[in-house]
There are 2 protein chains.
Amino acid sequence: MATTDANVRSTAGRLRVAVPSVAERVADELRRQLAEGALLPGARLTESTIAEDLGVSRNTVREAFAELASERLVVRHPNRGVFVASLEAGDVHDVYTVRRAIEVSSLRAGGAPEGVAAVRAAVEEGKRAAAAGDEDAIGTANQHFHGAIVALAGSRRLNSMMAQVLAEMRLFFHKATVDAHFYQHYLRDNEEICEALEAGEPDRAADLLLAYLDRSEDRMADVHGEGGTA
Amino acid sequence: MATTDANVRSTAGRLRVAVPSVAERVADELRRQLAEGALLPGARLTESTIAEDLGVSRNTVREAFAELASERLVVRHPNRGVFVASLEAGDVHDVYTVRRAIEVSSLRAGGAPEGVAAVRAAVEEGKRAAAAGDEDAIGTANQHFHGAIVALAGSRRLNSMMAQVLAEMRLFFHKATVDAHFYQHYLRDNEEICEALEAGEPDRAADLLLAYLDRSEDRMADVHGEGGTA
DNA sequence: AAGTAGCGATTGTTCAACAATCCTTCGATT
DNA sequence: AATCGAAGGATTGTTGAACAATCGCTACTT
């Protein structure tokens, strides 16, 4: 999900099934471990250890690190190693600033019917997850919802930027474990936003989303114990 | 400008003057060559050649390539090599979609007085360049203008995203050489946007910017010979 | 002329080595 | 006793060489 369109490559017009390079597979594996919380923010990633564990060369691990660093999932400290990124005080606001820019703009564009359907699907997915009481699934559905909103704009670059930000947030959630009721408020909001969108009122939907993001940021800042204003 | 905050690194609280790694210097050198048009879109970059030219290892060149690829300045074709990226049909619209999202949102935020001053400075820089008839300087000033707008939001991530997009556009300009009058229309717009911002009317400024970006995209699509709608 | 096998070149990946740098531990000094 | 500084060990940064895999092209065959 992080490298959405990396599975199919075009080579001089002909489509090929890509055999992901070793470095990419290493990056994928690390991304997976990061996403599911096996590697917690602040943890150190030693080149030789990972190289040995995954049975690849140190050099290849290095390339994977470069990729993850460019996605801000890990941080390089020169001559000291790479560490799992952890969102600090200002980062929460920073991330939400990006989300406001990307999501609101995408939503305001309206988008094609199939895009709107994807948003609706994510809303329903969230409802089902809530009914089943599956917290993780609610979180996943929520990310799908916001991903679907950005997808409305139909921009490759915007999509990958959003995917990156969502990956960062996933990281953050593992650091500060969120309580069961964290998402519940959002389900209603998602429904409302989706309805406005379906009703052909993207501007109203965008306003709702903006308010939603502001509230979400406040809540997130509380959980993270963020101080005052930047 | 592409790796804005890469020159100062924090190591456990103490600030250090970073000695850029060899890989970073290689990436910087390539970025420079890309920015000034020494490497044109579509050109192939051979690992061994560059390694020899710059007196570094092939492996190091590889790391630099990974960095540039993550910035979309070069494209990797597996087993075939890396090529200078070239914006194709849909990319122009895609890039402008990103710019609309980031710039408009940043501008609407208003920003601190020193941020507004930076925008004004970029406007004046553009005027001086126009008076001197220096085309390149006009383009540079224009990029400063838009960079300053995004800086209003005060978001590290938004800034680096914008820097990336601007680097991509610089690349594009080298492919389709722009005529002397291309920027001239923009100077007045920049002035107008800046005035609205200074007058404390960020929303009006944002609307002006949006119209500006739409016109700019059309013009760019013409130059590039882009067909119809995506 | 069209298809195919083989060749050369380049990339992808590994391995081993070494310098540079950092953290820690230990010891010396005040 | 606390502070400062000097080895020591570990890890990163970078290099160089090697080899398999893959690609594009050429020359050969039919």
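Note on naming: letters A, B, ... go to the chains in the order of the sequence lines (proteins, then strands), and numbering restarts at 1 for each one.
Close placement of the His146(A) and Tyr212(A) rings is indicated, their centers lying within 6.0 Å of each other.
Taking both residues in full, the closest heavy atoms of Pro20(B) and Arg25(B) are given as O-NE, 3.7 Å, listed atom of the first, atom of the second, then distance.
Using a 4.0 Å cut-off between charged nitrogen and carboxylate oxygen, Glu217(A) and Arg99(A) do not count as a salt-bridge pair.
Nucleotide dC15(C) holds its P atom 11 Å from the CD atom of Glu52(A), rounded to whole Å.
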Pick out the pairs of N or O atoms, protein on one side and nucleotides 9-13 of chain C on the other, that lie under 3.5 Å.
unit_1	atom_1	unit_2	atom_2	d
dT10(C)	O3'	Arg44(B)	NH2	3.2
dT11(C)	OP1	Glu47(B)	N	3.3
dG12(C)	OP1	Asn79(B)	N	3.4
dG12(C)	OP2	Arg62(B)	NH2	2.1
dG12(C)	O5'	Arg62(B)	NH2	2.9
dG12(C)	N7	Arg58(B)	NH2	2.8
dG12(C)	O6	Arg58(B)	NH1	3.3
dT13(C)	OP1	Val22(A)	N	2.5

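For the residue pair Ser160(A) / Arg72(B), a side-chain donor-acceptor distance below 3.5 Å is found, with atom types taken as modelled. One side chain, Gln33(B) or Glu29(B), offers a donor N or O that lies under 3.5 Å from an acceptor on the other.
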